[in-house]
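Computation of the quantities below employed the complete heavy-atom set of this structure, encompassing side-chain atoms and omitting hydrogens, waters and symmetry-equivalent molecules.
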Protein chains: 2
Amino acid sequence: MATSTRSNAGTKGVARAVREQQIVDAACRAFGESGFAATSVADIAEAAGISKPLIYNYFGSKEGLYAVCLHHAAGTLTAEIERTAASGTVGLARAIVTLDGMFRALEPQPWIWRLVNDSTAAREGAIDAELAEYERRIFTFGHDGVAELMQLAGNDDARDLSAMHAVWEHTFRALVTWWLDHPGETPEQMTQRCIRLFSTVFGEIDISALTAP
Amino acid sequence: MATSTRSNAGTKGVARAVREQQIVDAACRAFGESGFAATSVADIAEAAGISKPLIYNYFGSKEGLYAVCLHHAAGTLTAEIERTAASGTVGLARAIVTLDGMFRALEPQPWIWRLVNDSTAAREGAIDAELAEYERRIFTFGHDGVAELMQLAGNDDARDLSAMHAVWEHTFRALVTWWLDHPGETPEQMTQRCIRLFSTVFGEIDISALTAP
DNA sequence: CTGATATGACTCATGAGTAAGTTACCACAG
DNA sequence: CTGTGGTAACTTACTCATGAGTCATATCAG
């Protein structure tokens with residue numbers, strides 16, 4: 001039988017960049033599914049098929065690894081929101097388009113949603129910086145849409161706007177979370193559901209912007 | 001100088017029931033402000049002015065103590081919701097009345113809100129039982145109101161109802177959380193704000209039910 | 001032989017939970 | 001009114017598990 005005690009220590013193995021990506025993939029999934037606090041570095045190492053010290057070699061600390069995951073996850077989601085925003089849709093149709101884009105972006109890797117919304121992560125240092133940047137980029141879009149709605153209604157109170165914005169963000173979160181909690185529903189179906197729900201509250205919506213690509 | 005090493009071990013001290021209440025008060029605050037995971041039993045003991053083993057003596061475990069806190073907090077909030085529900089208001093006015101009641105109930109002990117909505121607590125055993133019971137009691141009220149709205153709009157899809165209910169619960173949470181994040185606003189002011197926001201979305205609301213006691 | 005990839009086997013801090021003992025009050029016998 | 005034992009209230013000083021982070025070492029490509 002093999003006398004080597006250290007299974008494959010020294011195997012030159014895969015290139016650092018590739019290995020880092022594998023680790024980040026495994027970590028995103030683990031962090032997203034169990035939360036930062038409940039996920040141990042050993043768990044991630046096992047899931048990635050490597051050993052713990054390699055993670056510290058490449059990422060420095062658990063926080064460091066989490067910050068990279070956050071960068072990936074938040075970057076993906078923010079890019080998607082900026083993409084739909086650039087399409088030029090306005091009003092409620094824009095809300096629908098944004099939700100639709102989010103469902104599609106999350107379909108292949110649904111766990112990154114919880115990663116970004118994880119409250120068990122300590123907000124400090126690199127993690128805080130990542131999240132702050134993410135929130136900064138996201139803020140404008142929701143805020144502008146809500147401001148438009150408020151202005152139409154003739155309400156220009158700044159705190160009312162702030163509160164309404166909070167409501168919109170939570171509504172967005174509610175719909176995405178509901179979708180994640182009810183698997184087996186395609187993004188298309190969920191978008192149609194959102195259109196029905198919005199119509200219930202706001203009356204008929206002009207969906208002309210949604211049928212065209 | 002005093003030779004006694006054990007400061008006040010043996011002081012007969014206060015009656016168990018009273019001490020338990022003191023501990024629960026301190027624990028509710030600590031758990032609510034820092035979250036279950038980030039709060040250590042030693043922290044609570046210090047805040048309550050007693051030592052750790054006394055907590056284990058009275059509550060068995062950290063989970064046991066948390067379950068009692070949850071019972072207190074969830075009980076307070078649920079009772080408030082059931083109280084406003086019993087007032088017989090319907091439609092959007094009922095939503096406003098419920099929010100108003102919640103603001104008033106939370107004013108003296110705002111931390112219990114985060115306690116009930118804490119995701120860092122392990123949902124198992126007694127804790128899970130408490131939360132499940134709380135959710136069961138809460139569920140009906142929001143659900144009925146949303147069902148009423150959906151029926152009025154002619155939508156009887158069960159999953160649409162489920163999703164809309166999720167949106168309502170998150171909206172409720174958004175408003176309460178926003179209020180807690182913006183101290184210095186009285187329940188009255190916040191309720192007025194909610195009325196304005198609801199009007200923006202739904203048009204004028206019949207607030208006749210709100211002016212009467 | 002140097003440097004990159006990789007690991008087994010540690011250290012160390014933290015925080016839950018426990019063992020064993022200390023003191024004050026109370027009921028009751030003398 | 002004075003001992004004396006029972007018990008409730010309370011503490012110090014531990015144990016023990018877990019999980020973050022480190023060290024010394026191994027293998028192989030160029």
Side-chain angles (χ1 to χ4, degrees), chain A residues 2-24 26-27 30-31 34-69 120-122 124-127, chain B residues 2-24 26-27 30-31 34-69 120-122 124-127:
Chain A
T3 53
S4 77
T5 46
R6 314 206 163 179
S7 61
N8 66 334
T11 308
K12 183 65 182 293
V14 302
R16 174 164 180 161
V18 176
R19 191 60 104 190
E20 278 183 345
Q21 192 54 54
Q22 291 174 353
I23 295 172
V24 168
F31 282 138
S34 310
F36 176 80
T39 303
S40 76
V41 177
D43 289 341
I44 296 168
E46 194 184 350
I50 46 103
S51 73
K52 200 159 55 119
L54 196 59
I55 291 179
Y56 284 92
N57 227 7
Y58 288 170
F59 300 95
S61 66
K62 187 184 180 184
E63 272 79 15
L65 173 57
Y66 187 73
V68 173
C69 290
T120 68
E124 51 186 15
I127 295 177
Chain B
T3 53
S4 79
T5 46
R6 315 209 162 179
S7 59
N8 65 334
T11 309
K12 183 70 183 290
V14 304
R16 173 165 184 160
V18 176
R19 192 60 104 189
E20 280 183 345
Q21 193 55 52
Q22 292 174 350
I23 294 172
V24 168
F31 283 138
S34 311
F36 176 81
T39 303
S40 77
V41 177
D43 289 341
I44 296 168
E46 193 185 349
I50 46 101
S51 72
K52 201 157 58 116
L54 196 58
I55 291 179
Y56 284 92
N57 225 7
Y58 288 170
F59 300 95
S61 66
K62 187 182 179 184
E63 271 79 15
L65 173 57
Y66 187 73
V68 173
C69 290
T120 68
E124 52 186 13
I127 295 177

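For B:Glu46, the CD atom sits in a loose shell: 12 or fewer heavy atoms of surrounding residues, nucleotides or ligands are nearer than 6.0 Å.
Separating the CD1 atom in A:Ile55 from the CD1 atom in A:Ile44 is a distance of 5.5 Å, to the nearest 0.5 Å. Atoms NZ and NZ, from A:Lys62 and A:Lys52 in turn, are 11.0 Å apart once rounded to the nearest 0.5 Å. The line from CG of A:Asn57 to CZ of A:Arg19 is 12.5 Å long, rounded to the nearest 0.5 Å.
Atom CG of B:Leu65 is separated from atom P of C:dG17 by 11 Å (rounded to the nearest Å). A:Lys62 places its NZ atom 15 Å from the P atom of D:dT22, with the value rounded to the nearest Å. Taking atom CD1 of residue A:Ile55 and atom P of nucleotide C:dT7, one finds them 10 Å apart after rounding to whole Å. If you measure from atom CD of B:Glu20 to atom P of D:dC10, you get 11 Å, rounded to the nearest angstrom. With rounding to whole Å, A:Phe59 atom CZ is found 15 Å from C:dA6 atom C1'. Here the P atom of nucleotide D:dG19 and the OH atom of A:Tyr56 are 12 Å apart, to the nearest Å.
Residue side chain A:Lys52 reaches the base of D:dG21 through a donor-acceptor N/O pair under 3.5 Å, judged by distance alone.
Comparing atom distances between the B:Leu54 side chain and each of C:dA16, D:dT11, C:dT5 picks out D:dT11 as nearest. Closest approach to the B:Pro53 side chain among D:dT12, D:dG21, D:dC10 is made by D:dT12 (side chain taken as heavy atoms from C-beta onward).
For B:Arg16 and D:dC10, the shortest distance from a side-chain N or O to OP1 or OP2 is not below 4.0 Å. At the phosphate of D:dC10, OP1 or OP2 sits under 4.0 Å from a side-chain N or O atom of B:Tyr58.
DNA chain C is contacted by B:Thr39, B:Ser40, B:Val41 of residues 38-48 of chain B, taking any non-hydrogen atom closer than 4.0 Å.
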